[in-house]
Trainee: 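One structure, pasted below without further comment.
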Number of protein chains: 2
Amino acid sequence: MATIKEVAARAGVAPSTVSRLLNGDPTVRVRPETRLRVLSVAAELNYTPNRAARALRGTRVGALGVALRHLTSPVYAQIFSGAEDAARSADFLLVAIEVDALATDPAALHRFVPGRAVDGLLLQRDGLLADDVVLENVLATKLPFVIVNERVEDPLYGVALDDVRASRMATAHLLALGHVDVAHLAIGGTTRRALDRQEGWQQALSHAGLPAPPEMVAVGGGRPETGYAGMMELLANPVRPTGVVAGTLLAALGALAAIRGAGLQVPDDISVVTHHDSWAAEYASPPLTAVRLPLEELGRRAVQLLIERLDGAPPRQELLTTPEPQLIPRASTAPPRSADRRRPR
Amino acid sequence: MATIKEVAARAGVAPSTVSRLLNGDPTVRVRPETRLRVLSVAAELNYTPNRAARALRGTRVGALGVALRHLTSPVYAQIFSGAEDAARSADFLLVAIEVDALATDPAALHRFVPGRAVDGLLLQRDGLLADDVVLENVLATKLPFVIVNERVEDPLYGVALDDVRASRMATAHLLALGHVDVAHLAIGGTTRRALDRQEGWQQALSHAGLPAPPEMVAVGGGRPETGYAGMMELLANPVRPTGVVAGTLLAALGALAAIRGAGLQVPDDISVVTHHDSWAAEYASPPLTAVRLPLEELGRRAVQLLIERLDGAPPRQELLTTPEPQLIPRASTAPPRSADRRRPR
DNA sequence: CTGAAAGCGCTAACAA
DNA sequence: TTGTTAGCGCTTTCAG
């Protein structure tokens with residue numbers, strides 16, 4: 001635990017010189033010889049700047065908070081993983097914060113901000129809980145933040161996936177297989193992400209000249225239980241869908257259970273396609289056809305945008321279009337059992 | 001962002017008095033009147049101590065690192081969730097660290113320690129990657145750490161679940177159903193956890209007077225792919241097991257896929273029981289019978305033990321026995337198809 | 001009973 | 001080209 005003083009002493013220079021050298025101050029002009037000596041002493045002593053001292057002095061503590069809910073979801077885990085990677089590369093720590101705590105316990109957020117625990121926050125909304133409360137609370141603290149995984153409007157900073165396109169692809173896949181009665185197991189709530197995914201479903205149907213009747217939409221939420229419930233609604237429809245586009249992976253798993261529970265087969269009776277790829281899709285039964293989106297990249301970009309914001313960049317809303325969404329066909333989708341299922345409406 | 005000075009000024013006392021008051025210094029003896037005034041000013045100004053300053057001054061930064069791999073596993077997510085909860089209660093930040101980074105990039109760990117990014121570390125070994133390298137690296141840094149989810153020996157600090165008992169319960173469940181050829185899809189590797197789970201399987205068999213032949217054990221690892229591969233080995237056995245005790249949940253999912261792929265049915269041809277309960281078990285197909293263990297509690301206790309260690313407590317190895325492991329019966333286990341499957345060996 | 005002052009390790013403004 | 005110095009906010013002796 002060498003300090004800058006020790007390095008300076010051993011190298012025969014002043015602490016400030018070491019600081020400037022190590023931080024790549026462009027205005028520093030030392031003899032190459034001196035520079036070399038300082039650098040080698042620093043390496044030899046295994047010098048690493050003390051984060052607390054740096055934070056106290058400067059304007060940055062070197063930590064980013066990421067508000068988590070559903071950490072247990074493999075989808076969020078991928079985003080998180082990308083964020084961790086980007087944070088590490090930029091020499092920031094990634095601090096996990098349970099988002100419910102931010103909503104229910106105002107003091108929780110308060111501990112992070114005036115205490116300067118983190119420099120900024122990655123925020124995900126999921127429309128199910130008190131999202132707006134969280135957003136308000138965070139806004140009130142003036143803590144810089146970036147919205148992850150949802151399109152947002154201009155005063156905000158955000159990184160999103162192309163949910164409309166992904167949902168369109170998922171729906172088009174079913175249409176191409178010959179399905180006509182294609183339902184949407186929606187995320188629900190008021191998040192842009194939820195609306196976008198429904199929009200994509202609708203666009204694909206319109207494009208094929210098909211109606212998108214409201215009874216073909218049920219809320220499936222973001223968990224297996226809610227997906228199960230939503231699927232049950234769809235199954236009770238007078239016209240039973242032969243294909244379902246699930247808004248979230250966990251809801252899709254719930255849907256599979258509901259379909260099975262109703263004594264029906266996937267994909268023979270109903271095809272299911274979901275958003276987001278993961279082991280949970282690959283090892284579902286049957287394996288789920290999915291639209292793969294760059295989740296890790298999403299997490300990475302979000303961290304990068306947040307850091308840019310800390311550096312003073314103006315608000316920006318990024319839509320991740322590369323790598324492109326990719327349809328991964330698996331056993332959960334197939335042509336509808338028979339063409340004569342095309343019912344009169 | 002009020003500072004201690006401002007509070008002191010407004011309350012008409014010295015900063016040191018505020019500090020002592022707010023930190024509950026027992027030797028402080030102020031007039032009740034003064035104490036009240038200071039406290040109310042602090043509340044009014046919304047004073048929160050600056051973490052960096054405190055860290056710089058004191059010996060603690062108020063952050064714990066948790067080394068993660070397989071964050072994507074719902075099992076680890078539960079542990080993490082418990083840890084976050086305990087850390088928040090104790091006013092510690094929880095910093096996520098990708099454990100592979102600790103292994104492959106010595107500098108990564110180095111950034112955490114001499115920089116005093118965290119006060120301690122929660123470490124999970126999974127026996128699959130360079131665990132020992134990580135452990136050595138961490139030991140070399142002298143950073144206090146606690147091993148999570150594995151029994152360890154005395155100089156170390158650790159919190160573990162009762163893996164032997166859990167595995168015994170899982171195995172006994174199959175035996176009670178009438179199974180005789182019960183295989184173990186082992187975690188593999190040299191972690192105590194892996195050995196304990198195998199031990200539990202063996203104990204249950206012995207207790208029933210049954211052999212535990214080596215060919216009834218295959219390594220299933222901790223991911224669906226590895227579970228799949230391990231299950232394939234078991235299926236190729238001359239005596240095909242009618243029941244399988246999976247060491248991990250994700251391996252169990254892979255096993256389900258392997259069994260399905262071989263044209264066999266669960267539970268008709270083979271019953272599967274796994275460790276750890278989660279939505280992934282509940283919504284597998286068929287839903288997996290599982291032994292539920294207190295994973296969140298494990299994370300919580302690990303954080304608490306780590307904090308105790310920071311406070312100078314001597315090495316301790318805790319075995320979490322409450323709440324007790326609980327067998328959650330689901331559709332993946334049933335009596336063997338027919339008693340005449342009791343083969344001559 | 002309370003205050004003054006030093007100093008944790010670092011950086012940035014100012015000197016030399 | 002390099003060094004000196006002040007100070008970030010806090011805690012903790014040591015004085016009063």
Trainee: Here's a test of your reading of the structure: between B:Ala14 and A:Arg54, which maps to the more 5' nucleotide of DNA chain C?
Mentor: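 Whichever sits nearer the 5' end wins; that is B:Ala14.
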
Trainee: A:Asn50 side chain N/O closer than 4.0 Å to the phosphate oxygens (OP1, OP2) of C:dC8?
Mentor: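 No, A:Asn50 has no side-chain N/O under 4.0 Å of OP1/OP2 on C:dC8.
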
Trainee: Between A:Arg116 (CZ) and D:dC10 (P), how many Å, whole number?
Mentor: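 So the two atoms are 12 Å apart, to the nearest Å.
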
Trainee: Using 0.5 Å steps for rounding, measure from the CD atom of A:Gln78 to the CG atom of A:Leu293.
Mentor: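 So the CD of A:Gln78 and the CG of A:Leu293 are separated by 10.0 Å.
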
Trainee: Ignoring hydrogens and angles, does a donor from either the side chain of B:Ser16 or the base of D:dT13 sit under 3.5 Å from an acceptor on the other?
Mentor: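 For B:Ser16, whose side chain was compared with the base of D:dT13, there is no donor-acceptor pair (under 3.5 Å).
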
Trainee: To the nearest angstrom, how far is A:Leu21 atom CG from C:dA12 atom C1'?
Mentor: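 These atoms are roughly 15 Å apart.
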
Trainee: So what does B:Arg20 hit on the nucleic acid, given a heavy-atom distance under 4.0 Å: a base, only sugar-phosphate, or nothing?
Mentor: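 Result for B:Arg20 = base.
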
Trainee: Please report the distance, rounded to the nearest Å, between NZ in B:Lys5 and P in C:dA6.
Mentor: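 Spelled out: NZ on B:Lys5 to P on C:dA6 is 13 Å.
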
Trainee: When you get a sec, tell me which of D:dC10, D:dA6, D:dG3 is the closest nucleotide to the side chain of B:Arg57?
Mentor: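 The listed nucleotide nearest to B:Arg57's side chain is D:dC10.
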
Trainee: Look at B:Thr34 and C:dT2 and indicate whether a side-chain polar atom (N or O) is within less than 4.0 Å of OP1 or OP2.
Mentor: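 Yes.
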
Trainee: Nearest-Å distance, CG (A:Leu22) to C1' (C:dG9)?
Mentor: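 Taking CG of A:Leu22 and C1' of C:dG9, I get 14 Å after rounding.
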
Trainee: Think A:Arg35 has a side-chain N or O under 4.0 angstrom from the OP1 or OP2 of D:dT1?
Mentor: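 Indeed not, no polar side-chain atom of A:Arg35 lies that close.
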
Trainee: Roughly, in whole Å, what's the span from OH in B:Tyr47 to P in D:dC10?
Mentor: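 Going from OH in B:Tyr47 over to P in D:dC10 covers 3 Å.
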
Trainee: To the closest 0.5 Å, what do you measure between OG1 (A:Thr191) and CG (A:Asn149)?
Mentor: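 These two atoms lie 9.0 Å from each other.
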
Trainee: May I have the distance from B:Arg60 (atom CZ) to D:dC10 (atom P), rounded to whole angstrom?
Mentor: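 Atom CZ in B:Arg60 sits about 18 Å away from atom P in D:dC10.
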
Trainee: If the threshold is 4.0 Å, N to carboxylate O, is there a salt bridge linking A:Glu84 and A:Arg88?
Mentor: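 Yes, this pair counts.
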
Trainee: If you only use heavy atoms from C-beta on, which nucleotide in D:dT11, D:dT2, C:dC8 is closest to the side chain of B:Leu56?
Mentor: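 Nearest to the side-chain atoms of B:Leu56, counting from C-beta on, is C:dC8.
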
Trainee: Any donor and acceptor pair, going by atom type alone, linking the side chain of A:Arg192 with main-chain N or O of A:Glu153 inside 3.5 Å?
Mentor: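 Checked: no pair found.
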
Trainee: In whole angstrom, what separates A:Ile4's CD1 from D:dT5's C1'?
Mentor: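 That distance rounds to 14 Å.
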
Trainee: Looking only at the side chain of B:Thr3 (C-beta and beyond, no hydrogens), which of the listed nucleotides C:dT11, D:dG9, D:dT11 gets closest?
Mentor: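 Of all the options, the side chain of B:Thr3 is nearest to D:dG9.
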
Trainee: Check the surroundings of atom CZ in B:Arg309: do more than 12 heavy atoms from other residues, nucleotides or ligands lie under 6.0 Å from it?
Mentor: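 Yes, enclosed.
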
